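What follows is a set of notes on a single structure, which appears directly below.
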Amino acid sequence: VSCNTKQIMKITLTFLTLFIGLQSFSQNYEYEKQIELILSKIDSKETIPEDKKDLKSIAYDLQNKGQKLDESAHDYASALLLISKAIKIFTHLDDTLNVANNLKFRGYLLARFEKYGEAKAEIKQAISLFESKSKEWGVAVSNFDLSRVYDFEKKLDSAIYFCNLSLNYWKSKNIASRIFNNQNMLIHLLKKASQTSMAKNIQENSEILAKDPELHWQDLIDFYFVSEELYKKSNDPIISSKYHALFKAKVADLSKDGIIAKSYYDISP
């Protein structure tokens, strides 16, 4: 390939990349405008029945994007903004369960910014809404997020209490993935509380559950992370190194899919 041909190809590629970027920016801008228009219509009570389908679709989209920003990008501020917009729309639609689901998630996000009072108020409101619909599973997942808030606040007794409330519910329903997720939290909390013997008993039980191929990657790397930390605290470098290697391998594998994987229990920046 001649030098001129290479230059032409390079210039063409640059313009193509720029065009795609501008097109994406334009689409995002139009989508943002649509959302702001919807929110302003809600504020001014100008929505019509025909808007309902679009409203629900947009609310779910905001909710899902907010959750992904937390999970895969760890952009808590942007996630909080999107979840707040989703709550506004679901509230307008009188969709109690989706309001509750997003309130508990917003509570968790607020705790990331050390707004513990607001965080607990949001989650307790979510619990009240779930109870009004007799949704025990909603109360259980809310108790888990409440446990997270107390953990961030460094109130371990309360964190352990609410984690156990959630865990006991899922054990009664025999939902392995939820049991595994809650046990990760309990291992983490008991390790922090220097109750390492009890934490090891739970960790050994979770080792069996970790073999489930259907587990979400977040729960799996959380298990590797809390296990590594537990055995590090127990002065067992061999087992700690084993979980460190498993954690690193899984994170590297996820990065191939563009996922910035990080344990929920890793407080480093």
Side-chain angles (χ1 to χ4, degrees), residues 70-71 74 76 104 107-120 123-124 127 139-172 175-212 215-251 261-269:
D70 165 63
E71 181 182 85
H74 316 294
Y76 309 120
K104 76 165 188 64
Y108 148 73
L109 290 170
L110 286 167
R112 287 282 189 185
F113 297 97
E114 300 181 4
K115 296 181 178 180
Y116 304 123
E118 290 178 51
K120 284 180 272 190
I123 297 172
K124 286 174 182 177
I127 289 173
V139 175
V141 293
S142 298
N143 281 329
F144 179 78
D145 280 335
L146 203 49
S147 176
R148 278 180 172 172
V149 174
Y150 281 112
D151 178 32
F152 292 149
E153 198 177 11
K154 298 181 174 60
K155 294 185 176 180
L156 291 180
D157 286 347
S158 295
I160 291 169
Y161 171 77
F162 283 104
C163 185
N164 272 318
L165 277 185
S166 181
L167 177 58
N168 289 337
Y169 172 79
W170 296 116
K171 281 183 174 179
S172 75
I175 309 295
S177 60
R178 293 287 190 176
I179 293 170
F180 185 72
N181 175 255
N182 278 263
Q183 288 187 169
N184 284 341
M185 181 65 163
L186 204 50
I187 293 165
H188 163 76
L189 293 171
L190 292 171
K191 184 268 298 181
K192 286 178 75 172
S194 297
Q195 297 180 39
T196 53
S197 179
M198 192 178 296
K200 282 182 182 178
N201 288 337
I202 296 167
Q203 193 275 342
E204 287 166 8
N205 176 265
S206 287
E207 185 72 68
I208 300 166
L209 299 176
K211 294 177 172 38
D212 184 353
L215 280 177
H216 190 277
W217 63 260
Q218 182 69 61
D219 293 333
L220 192 58
I221 68 166
D222 284 344
F223 173 67
Y224 293 152
F225 185 87
V226 297
S227 297
E228 177 191 351
E229 293 295 300
L230 172 62
Y231 286 101
K232 191 185 293 180
K233 182 160 186 172
S234 302
N235 296 314
D236 195 332
I238 295 175
I239 300 182
S240 179
S241 296
K242 166 192 155 184
Y243 287 110
H244 178 76
L246 288 168
F247 176 82
K248 287 292 185 183
K250 187 62 178 176
V251 167
K262 179 178 179 179
S263 172
Y264 275 120
Y265 305 103
D266 182 359
I267 59 171
S268 62

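Everything numeric here is computed off the predicted structure, so don't read it as measured data.
- Annotation: side chain of K191 is not in contact with side chain of Q203 (no heavy-atom distance under 4.5 Å).
- In terms of heavy atoms, I187 sits closest to S206 at CD1-OG, 4.2 Å.
- For the pair Y224 and K248, the minimum side-chain heavy-atom distance is 4.5 Å or more.
- Heavy-atom minimum distance, G107 versus A119: O-CB, 3.0 Å.
- A 4.5 Å side-chain heavy-atom check between V226 and M185 finds every atom pair outside the cut-off.
- Here CG of L165 is found 9.0 Å from CG of L146. Values are rounded to the nearest 0.5 Å.
- To the nearest 0.5 Å, atoms CG (L209) and CG (L220) are separated by 11.5 Å.
- S263 and I221 make their closest contact through N-CD1, 3.9 Å (heavy atoms, listed as atom of the first residue, atom of the second, distance).
- Taking SG from C163 and CG from N182, the interatomic distance works out to 5.0 Å, rounded to the nearest 0.5 Å.
- Taking CG from L186 and OG from S147, the interatomic distance works out to 8.0 Å, rounded to the nearest 0.5 Å.
- A donor-acceptor contact closer than 3.5 angstrom links the side chains of D70 and Y108.
- Residues in residues 182-210 take part in these ring-ring contact (aromatic ring centres under 6.0 Å, His included) pairs, two or more places apart or across chains: H188-Y265.
- Counting heavy-atom neighbours within 6.0 Å of E207 CD, excluding the residue itself, gives a total above 12.
- Between I239 and Y243 the shortest side-chain heavy-atom distance falls below 4.5 Å.
- By the 4.5 Å heavy-atom criterion applied to side chains, L190 and T196 are not counted as neighbours.
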(request) Verify side-chain contact (heavy atoms from CB on, under 4.5 Å) between V141 and W170, making sure each step is shown before the conclusion. (result) CA-CA 9 Å; V141 293; W170 296 116; 3.7 Å; yes
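- Applying the 6.0 Å contact sphere to OH of Y116 captures more than 12 heavy atoms from other residues, nucleotides or ligands.
- Put simply, CG on D222 and CZ on F247 are 8.0 Å apart, with the number rounded to the nearest 0.5 Å.
- Residue pairs meeting the ring-ring contact (aromatic ring centres under 6.0 Å, His included) criterion with at least one partner in residues 139-158, sequence neighbours excluded, are Y150-F162.
- At a threshold of 4.5 Å between non-hydrogen side-chain atoms, the residues N143 and Y161 do not count as touching.
- Around NZ of K192, the count of heavy atoms belonging to other residues, nucleotides or ligands within 6.0 Å exceeds 12.
- D151 and R148 are not joined by a salt bridge, as no carboxylate oxygen comes within less than 4.0 angstrom of a charged side-chain nitrogen.
- The two atoms that bring A193 and I160 nearest to each other are CB-CD1, 4.3 Å, heavy atoms only.
- Separation of atoms CG (D266) and CD (E229) is listed at 8.0 Å; rounding is to 0.5 Å.
- Side-chain atoms of F180 and N184, non-hydrogen and from C-beta on, do get closer than 4.5 Å to each other.
- S240 and K233 form no side-chain donor-acceptor contact under 3.5 Å, judged by distance and modelled atom types alone.
- Here the side chain of N168 pairs a donor or acceptor atom with the backbone of N164 at under 3.5 angstrom.
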